[in-house]
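Down below is the structure, laid out as structure tokens.
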2 protein chains.
Amino acid sequence: MIVPVSYLCGSDNITSTFYYMPRVKLFDENEVLVKAMNLFWKQGYSATSVQDLVSHLGINRASIYDTFGDKDKLFKKSFQLYRKQSREGLIQFFENKQNVKIGFSELFKNAIQEAINDKERKGCFVVNTITELVPNDESLNEVLEINKQDFINIFFEYLKKGKEIGQLKTNQDLKSLATLFYTLYNGIRVVSKVRPNKKELTDSIKVALSLLF
Amino acid sequence: MIVPVSYLCGSDNITSTFYYMPRVKLFDENEVLVKAMNLFWKQGYSATSVQDLVSHLGINRASIYDTFGDKDKLFKKSFQLYRKQSREGLIQFFENKQNVKIGFSELFKNAIQEAINDKERKGCFVVNTITELVPNDESLNEVLEINKQDFINIFFEYLKKGKEIGQLKTNQDLKSLATLFYTLYNGIRVVSKVRPNKKELTDSIKVALSLLF
DNA sequence: ACTTATTTGGAACATTCGTTCTGTTATTTG
DNA sequence: CAAATAACAGAACGAATGTTCCAAATAAGT
């Protein structure tokens, strides 16, 4: 960062500016944020102490406060990053699928497989945050509501597009179907935290997907 | 509680017993446990301090420790009570319904209406506990797995009975359907914590219920 | 009245909490 | 070199954490 240094030149009251180059940041702020995100994701807000953060982020206690403010701000920034990543990930995910039915099928399968692979059993950061922090913080509530509508909308647009290009023939209301799939997706994130059974879960989502034809 | 007081009578080494009646408990242990359950349910484990419990349970700090052990034991006892209540509540709920489809329809509607009525936005204690405490505690994990299987089984038996008496004609695998409904039920508990929209949710479960015919 | 034991309020304990502060070290440009 | 400041280690803060302890008050039966 270039820091302008201004000073008064004698009695002329003229401001001149020249530049010093202070020490550059030794850590990547975004890398640190990713680490914070993973810790909050795994442990939740309350169960993550500042000492935990100091131990895991790899930067100094003071640097955390200098860079991110306080614990609350760091949490919200971490949460925002997660939302951004999962939102963009979802859109890209759908784009690469042959048709709507495969899209949703793979989405659910993916969630199940992720739960099985995840030895830390972190689940979904959004779900964890909803169940832990609603309704403590009104500003967070708003973010969560926006997030919900956002995802339901992505589901809805995907279904609508699928129907328009003839991949989908169902007469179900697509908005309701989107909400249903979003609700089911959240349910998978919860249920699959506890000893996920791949066959059991996969078979059950097949039943749900029979709604698409 | 009757306390037997034994003492040795002279050199005969004969044990005689008579009774003193100590002060009886002034508070109803179960009433206090219900209060603890509601507090843990609302705030979660980490965010509930012993001071919170002292303030809300109406009994002394020392009495909490004397009666329930420590915070961890009190939480688990509270959680057990919730499980018992919700399990028995569900069975009774299903028994009073005309047929399977109405049973599940009312169950989902009930969950939505509860979320809307609940100004504290407590959600579901089981869901909250899963997302907060998995995988910290292995013994809790076992309880949660048992709880899951238990509820899926209740759903399954209800569906099976419904099919046997001709209320249900679907050819879907009933075990998968039970798992799907359990997953969806958990999803509703999460989604409906954030500004629940009655029409949106009700319409979406109607789509799910179209699987029953 | 005496005995027994529960319940009480409140003090006390060592730890940990989130946060702030104080130096010291390190790095880059003028 | 000097100037500037990011990043550091670590102490320090008061408040809160979970837990234990103690003396006093209370209630019921002998």
Side-chain angles (χ1 to χ4, degrees), chain A residues 1-7 9 16-33 35-36 39-40 43-78 132-133 136-137, chain B residues 1-7 9 16-33 35-36 39-40 43-78 132-133 136-137:
Chain A
M1 193 201 299
I2 308 290
V3 181
V5 178
S6 304
Y7 66 101
C9 298
S16 292
T17 304
F18 61 93
Y19 298 91
Y20 288 110
M21 182 58 88
R23 183 180 184 181
V24 294
K25 263 192 193 294
L26 293 187
F27 58 85
D28 184 329
E29 194 174 314
N30 219 60
E31 271 180 28
V32 172
L33 191 59
K35 286 180 188 167
L39 200 62
F40 278 129
Q43 304 189 154
Y45 179 82
S46 295
T48 302
S49 68
V50 175
Q51 185 53 50
D52 283 339
L53 291 163
V54 172
S55 304
H56 284 85
L57 300 197
I59 66 170
N60 188 263
R61 189 181 211 80
S63 299
I64 294 176
Y65 279 88
D66 287 347
T67 311
F68 301 103
D70 55 16
K71 185 190 171 185
D72 201 76
K73 288 203 182 74
L74 178 54
F75 177 84
K76 282 179 178 163
K77 208 154 192 174
S78 301
E132 184 188 358
L133 297 180
N136 296 348
D137 187 322
Chain B
M1 193 200 299
I2 307 289
V3 180
V5 179
S6 304
Y7 66 101
C9 298
S16 293
T17 304
F18 60 94
Y19 298 91
Y20 289 108
M21 182 59 86
R23 185 180 184 179
V24 294
K25 265 192 190 299
L26 292 189
F27 58 84
D28 185 330
E29 194 174 315
N30 219 59
E31 269 180 29
V32 172
L33 191 60
K35 286 179 187 167
L39 200 62
F40 279 128
Q43 307 189 152
Y45 179 83
S46 296
T48 302
S49 68
V50 176
Q51 187 53 50
D52 284 339
L53 291 164
V54 172
S55 303
H56 284 84
L57 301 197
I59 65 171
N60 189 263
R61 189 179 211 84
S63 298
I64 295 176
Y65 279 87
D66 287 347
T67 311
F68 301 104
D70 55 16
K71 184 189 172 185
D72 201 77
K73 288 200 182 76
L74 177 54
F75 177 83
K76 283 180 178 163
K77 209 154 191 174
S78 301
E132 183 187 359
L133 297 180
N136 296 348
D137 187 323

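Numbered from 1 within each chain, the chains take letters A, B, ... in sequence-line order.
- The distance between atom CD of A:Gln51 and atom P of C:dT19, rounded to the nearest whole Å, is 14 Å.
- Residue A:Asp70 holds its CG atom at 9.0 Å from NZ of A:Lys76, rounded to the nearest 0.5 Å.
- Residue B:Tyr45 contributes atom OH, which lies 11 Å from atom C1' of D:dT17 at whole-angstrom precision.
- The backbone N or O of B:Tyr65 sits nowhere less than 3.5 Å from a side-chain atom of B:Lys73 that would complete a donor-acceptor pair.
- Distances were taken from every side-chain heavy atom of B:Tyr65 (C-beta onward) to each of C:dT19, D:dA7, D:dG18; the shortest belongs to D:dG18.
- If you measure from atom CZ of A:Phe27 to atom P of D:dC8, you get 6 Å, rounded to the nearest angstrom.
- Taking atom CG on B:Asp66 and atom P on C:dT8, their separation rounds to 10 Å, with Å as the unit.
- C:dG30 is paired with D:dC1 under the Watson-Crick or G-U wobble criterion, all donor-acceptor distances under 3.5 Å.
- Judged by distance alone, the side chains of A:Ser46 and A:Glu132 do bring a donor and an acceptor atom under 3.5 Å apart.
- Nucleotide C:dG18 holds its P atom 11 Å from the CG atom of A:Asp72, rounded to whole Å.
- In this structure, the side chain of A:Asp66 does not engage the main chain of A:Ser63 through any donor-acceptor pair within 3.5 Å.
- Closest non-hydrogen pair, A:Ala47 versus A:Gln43, comes out as CB-O, 3.2 Å.
- For the pair B:Ser63 and C:dT8, the criterion of a side-chain N or O lying under 4.0 Å from OP1 or OP2 is met.
- Atom-to-atom, CZ of A:Phe68 to P of C:dG18 comes out at 16 Å; the value is rounded to the nearest Å.
- Distances shorter than 4.0 Å separate none of the side-chain N or O atoms of B:Ser49 from OP1 or OP2 on D:dA16.
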Scan nucleotides 9-12 of chain C against the protein and return all N/O pairs shorter than 3.5 Å with their distances rounded to 0.1 Å.
residue	atom	partner	partner atom	Å
C:dG9	OP2	B:Asn60	ND2	2.9
C:dG9	N7	B:Asn60	OD1	3.1
C:dG9	N7	B:Asn60	ND2	2.5

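- Distance, A:Leu53 CG to C:dT16 P: 16 Å, rounded to whole Å.
- Look at CD on B:Glu31: it is 14 Å from P on C:dT7, rounded to the nearest Å.
- One distance of note links CG of B:Leu57 with CG of B:Leu74; it measures 6.5 Å at 0.5 Å rounding.
- To the nearest 0.5 Å, atoms OG1 (B:Thr67) and CD1 (B:Ile59) are separated by 5.0 Å.
- Each of C:dG18, C:dT19, D:dC8 was ranked by its minimum atom distance to the side chain of A:Asp70; first place goes to C:dT19.
- In this structure, A:Ser46 reaches neither bases nor backbone, as no heavy-atom distance under 4.0 Å exists between it and the strands shown.
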